[in-house]
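Contents: one structure, followed by commentary.
Within every chain, numbering begins at 1; the chains are lettered A, B, ... in the order of the sequence lines, protein sequences first and strands thereafter.
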2 protein chains.
Amino acid sequence: MSDYIRATYLIETPHPVGQAAEALAGEQSSGTFVAVPGETAELRERHRARVERITELETADTPSLPGSRPPRGTAETSPRYHRAEIEVAFPLENVGTNLPTLFATVAGNLFELSEFSGLKLLDIDLPPAFADAYPGPQFGIAGTRRLAGVYERPIIGTIVKPSVGLTPEQTAALARDLAEADIDFIKDDELMADPPHSPLKERVSQVMRVLNEVADRKGKKVMYAVNITDEMDAMLRHHDTVVEAGGTCVMVSINSVGLVGVSHLRNRCSLPIHGHRNGWGMLTRHPQLGIAFSAYQKLWRLAGVDHLHVNGLQNKFWEPDDSVVRSIQACLTPLLGGYPIMPVVSSGQWGGQAPDTYRRTQTVDLMYVAGGGIMAHPGGPAAGVTALRQAWEAAVSGVALEQFAQEHTELRQTLEKFGGGRR
Amino acid sequence: MSDYIRATYLIETPHPVGQAAEALAGEQSSGTFVAVPGETAELRERHRARVERITELETADTPSLPGSRPPRGTAETSPRYHRAEIEVAFPLENVGTNLPTLFATVAGNLFELSEFSGLKLLDIDLPPAFADAYPGPQFGIAGTRRLAGVYERPIIGTIVKPSVGLTPEQTAALARDLAEADIDFIKDDELMADPPHSPLKERVSQVMRVLNEVADRKGKKVMYAVNITDEMDAMLRHHDTVVEAGGTCVMVSINSVGLVGVSHLRNRCSLPIHGHRNGWGMLTRHPQLGIAFSAYQKLWRLAGVDHLHVNGLQNKFWEPDDSVVRSIQACLTPLLGGYPIMPVVSSGQWGGQAPDTYRRTQTVDLMYVAGGGIMAHPGGPAAGVTALRQAWEAAVSGVALEQFAQEHTELRQTLEKFGGGRR
C-alpha cells in the first residue's frame with residue numbers, strides 16, 4: 001500500500017517555514033523528541049509523512065495565536081511570523097481507512113505545536129481506499145428530491161419556531177399551516193430534540209399524522225427533519241420512531257454527536273441524514289486556526305450525511321458571502337467520484353438572496369431554509385412560501401426581483417417587508 | 001422542572017455588553033429574528049435563557065475575530081470591542097439530560113453570531129438531573145489504581161514509540177523491556193489504532209502475552225491503553241479483543257470519536273477509558289474563541305472517560321504551566337459530587353517537572369507519561385522508569401532533585417542528559 005492521504009495547511013511560524021513543516025510531519029507520523037531504540041532508518045522512511053509542497057505567503061509582525069516559540073538561539077531578537085500554505089502526505093499505511101484516526105492524524109496534536117503561531121487545515125485529499133470503506137450518503141441529492149417530490153428548483157423549507165417551548169400539538173398545528181402552504185421541507189431547531197415539554201415520540205406522532213394526511217390529499221409529503229440528536233441507542237430508537245410514523249428525514253447536530261456516532265447511525269439508517277453543523281464557528285472562525293469547510297465537509301460526507309448546512313448569502317451570522325459560496329461549491333464537487341449531498345442554505349434568508357445565490361453558484365440543488373422570511377410574511381406562511389418560489393423563479397430566469405414582483409403579489413409583499421434594510 | 005444549566009462565557013463585542021449577552025441568550029433559546037405566530041409571552045418567559053451575571057472587563061481597539069458587526073447606526077464611527085464575562089442560565093426543560101443537545105445549546109450556533117468578535121465557553125454548571133442520566137467514569141482514580149496495582153504515587157507510564165511503523169512483534173518486544181523495567185503503564189500513540197502494518201488484534205495478542213507472562217512472574221500487570229479508536233462496531237470489537245486477552249485499559253481519541261461514540265462505548269465497556277484529547281488545541285488555543293478546559297472536561301467525565309490528557313508542566317507544546325495546573329485541578333474537582341478521573345500528564349516529561357507539578361497541584365493522583373524521558377535514558381528504559389520514580393519521591397518529600405540525585409544514580413543520569421537546557 002503506497003497510497004497517501006494529503007492534507008493542505010495554512011501555517012504561521014516564527015521558524016523557517018520548511019523546518020516548521022517538517023516538525024508537523026514528524027509529530028504526526030514517526031517523530032518523537034529524541035531518537036529511541038527500534039526506530040530504524042527503513043522504518044522511518046516508510047512511515048514518515050512527507051512535506052510535498054511549500055508556498056510561502058506574507059510575513060506578520062505579531063503572532064496570531066499565543067504560545068509559539070522561536071527557534072533556540074534567536075530568543076533575543078524580535079521574531080517574525082511567516083505564513084505559508086503547505087501540503088503534507090501521510091502514508092495510508094499509518095492509518096488504514098479509519099475515519100476517526102484519519103482525523104487524529106490530520107487534525108490532532110499538531111494544533112499544540114509551539115512551532116506554530118497559526119495552523120489551519122485547509123483541505124484533505126483521500127486515496128480511493130476510503131471509498132471502499134465508507135458508503136457515504138445513502139440518499140444524496142437525487143434521493144432527497146425523490147422523497148420530497150421536488151425537482152429542478154431548490155427545496156424550500158423552514159424551521160419550526162420558536163426554537164423551544166411548543167407542545168407537540170402546537171408543533172403539529174404549525175406543521176399543518178406549513179403543509180397547507182405547500183412548503184417542501186420543515187425542520188426542528190437544533191436546540192429541540194427530545195425535551196420533557198415535547199417528547200420526540202409524541203411530537204413525531206402528532207406532526208406526521210398531519211403531514212401524512214395532507215400528503216394523502218395533495219399527493220406530496222412534506223419532508224420533516226426530526227432532530228434525533230441524542231445518545232446512540234436513543235438516536236436509533238428515535239430513527240425507528242420516525243420511520244414507523246412515515247417520516248422521511250432525520251436531523252443530527254453533527255459536531256455534538258461526533259464522526260463515529262454519525263457514521264454508526266448511517267449504517268442503520270433508512271432515511272436521509274440532515275447534518276446540522278452548529279458549533280462550526282468555533283472550528284473555523286479564526287482565519288489562522290482550526291479547519292476550513294473544504295476539509296470538514298469531506299469528513300462528514302464520508303460519515304454519511306445527506307444534507308449539510310452551509311449558512312446563506314447575506315446571512316445574519318459572521319460569515320462573508322465568498323465563504324458561503326465556496327462551501328456550496330465544495331458540497332457539490334464530487335468526492336472520490338461521488339458522495340453527492342445537498343447544501344442547506346439558511347440564516348436570515350427571505351428570498352432576496354436568491355438572485356445572488358443562483359448567480360454565484362449556478363445551481364438549484366439546494367435546500368433553501370427561511371425562518372421569519374416565511375413565517376412572518378404579511379400574507380401568512382403560504383404567501384411566504386409562494387414568495388420564496390417566485391424569488392427563485394426570477395433568479396433562475398435572470399429577471400430582477402423588483403421586476404418579477406410587479407406581477408407577483410407575494411414577492412412584492414416580501415420585498416416591501418424585508419427588502420428595505422437589507423438590499 | 002425549574003432547574004437551569006448555567007454557562008459562563010468570555011465575550012468580546014462591539015455592542016453594549018448587555019445587549020450582546022441577551023442576543024446570545026435569545027439565539028440559544030427562544031429567539032428568532034422576527035416575531036412569529038405561536039410565540040406567546042408565557043412561552044417565552046418559561047423557555048428563555050436568562051443572563052444572570054455580567055462582569056465587564058477591558059476594551060480593545062481591534063476585534064479578535066473577523067465578521068462582527070457593530071450596532072446599526074454606528075457604522076461610521078470606529079467601534080470598540082468590549083470584553084466581559086457573562087453567565088447565562090438555560091432552562092433544563094429546553095434540553096433534558098441529552099448530552100449532545102446540551103453541547104449544541106451551550107456551544108452551538110452562538111459562535112456564528114455577528115454580535116461577537118470573541119466568544120469562549122469558560123465553564124458549565126449542571127443540575128443534578130445529569131448525574132441520574134449519566135453514570136460517568138466506571139473506574140476513575142481508585143479503579144485505575146486497583147487495576148494498575150499502584151498506590152500513593154503517580155502511575156508512571158510511557159508511549160510506545162515510534163508512533164507508527166512497529167510490527168506487533170516489535171511492539172511486544174518493547175513492551176517486554178518496559179515491563180521488565182517495572183513500568184506501570186504503556187499506551188499506544190494516538191496515530192496508531194488498527195493499521196495494516198499492526199492490526200490491533202495481532203498487536204494486542206502479542207503484547208498481552210508478554211504482559212500477562214511478566215505479571216504472572218512479578219504479580220503486577222502493566223496497564224496497556226490500547227488505542228481502539230475506530231468506527232463504533234469495530235471499537236466495541238476491539239474492546240472485546242482487549243478484554244479477552246486480559247488487557248486492562250482502552251484508549252480513544254475523544255474529539256475524533258465524539259461525545260455520543262464515547263458515551264456508547266462507556267455503556268458497553270468493562271475497562272477504564274483512557275481519553276486522549278488530541279485536536280484540543282484547535283478548540284482552545286485562541287484566548288477569545290472556543291472552549292476552556294474547565295467546561296470541556298465536564299462533558300467528557302459525563303460521557304464516561306476515566307483518564308483525560310492535560311498536557312504537562314514545561315511541555316514541548318504551546319500551553320503555559322498555569323493552564324496545565326488549572327486543568328489538573330479541574331479533573332480532580334468533584335463534578336456533581338463525583339465523576340473522579342485521572343489527569344494524564346504528558347508531553348516532554350522527563351522527571352524534572354515532578355517537583356513543580358507536585359508543588360503546584362499537591363497531588364499524586366496522576367498518570368505521569370514520559371516518552372523519550374524513559375526510552376532514551378542513558379541506562380536504558382529500566383533506569384528511565386526508576387529515575388522518574390525517584391524524581392517523584394524527591395518531589396513529594398520536598399527534597400531538591402539535585403540533592404536526591406547524589407544518592408540515586410538513575411536520577412543523576414537523567415539530570416545530566418535532560419536537565420541542562422530545560423531547567
Legend entry - A:Ser163 side chain to B:Ser29 backbone, donor-acceptor under 3.5 Å: yes

Inset, instruction - Kindly say whether B:Glu93 contributes a backbone atom to a donor-acceptor pair with the side chain of A:His197 at under 3.5 angstrom? - result: yes

Legend entry - With A:Asp230 via salt bridge (charged side-chain N to carboxylate O under 4.0 Å, His left out) - residues at least two apart: none

Legend entry - Residues that B:Arg285 engages under salt bridge (charged side-chain N to carboxylate O under 4.0 Å, His left out), provided they are two or more places apart: none

First locate atom [atom1] of [X], then atom [atom2] of [Y], and finally report the distance between them rounded to the nearest 0.5 Å.
X        : Y        : atom1 : atom2 : value
B:Glu319 : A:Glu112 : CD    : CD    : 6.5 Å
A:Thr229 : B:Leu102 : OG1   : CG    : 12.5 Å
B:Asn98  : A:Ser256 : CG    : OG    : 9.0 Å

Quick one: are [X] and [Y] in side-chain contact, heavy atoms under 4.5 Å?
X        : Y        : value
A:Pro195 : B:Asn94  : no
B:Leu283 : A:Leu283 : yes
A:Lys120 : B:Met282 : no

Portion of [X] that has a non-hydrogen atom of chain A nearer than 4.5 angstrom:
X        : result
B:Pro66  : both
B:Asn267 : neither
B:Ser117 : backbone
B:Ser64  : backbone
B:Leu191 : both
B:Thr105 : both

Taking [options] one by one, which has the highest count of heavy-atom pairs under 4.5 Å against chain A?
options                                : answer
B:Glu231, B:Arg277, B:Met232           : B:Glu231
B:Gly279, B:Ser68, B:Ala173, B:Pro100  : B:Pro100
B:Gly281, B:Pro320, B:Gly258           : B:Gly281
B:Ser263, B:Ser253, B:Ser198, B:Ala234 : B:Ser263

Inset, instruction - Ignoring hydrogens and angles, state whether a donor on the side chain of A:Asn109 or B:Glu190 is under 3.5 Å from an acceptor on the partner side chain. - result: yes

For chain B, which of [options] has the most heavy-atom pairs under 4.5 Å?
options                                : value
A:Ala303, A:Gly380, A:Gly108           : A:Gly108
A:Asp233, A:Ile291, A:Asn255           : A:Asp233
A:Leu65, A:Thr101, A:Val257            : A:Val257
A:Pro287, A:Ala193, A:Gly290, A:Ala104 : A:Ala104

Inset, instruction - Mind listing the closest non-hydrogen atom pair of A:Trp318 and B:Phe111 along with its distance? - result: CD1-O, 4.1 Å

Legend entry - Exercise: identify the closest heavy-atom pair between B:Arg69 and A:Phe317: NH2-O, 2.9 Å

Inset, instruction - Run the salt-bridge test on A:Glu27 and B:Lys316 with the 4.0 Å N-O cut-off and return the result as yes or no. - result: yes

Inset, instruction - Can you tell which part of A:Arg266 gets under 4.5 Å to a heavy atom of chain B, answering side chain, backbone, both or neither? - result: neither

Inset, instruction - Examine whether an atom of A:Leu99 lies under 4.5 Å from a heavy atom of chain B, and if so say whether it belongs to the side chain, the backbone or both; otherwise answer neither. - result: both

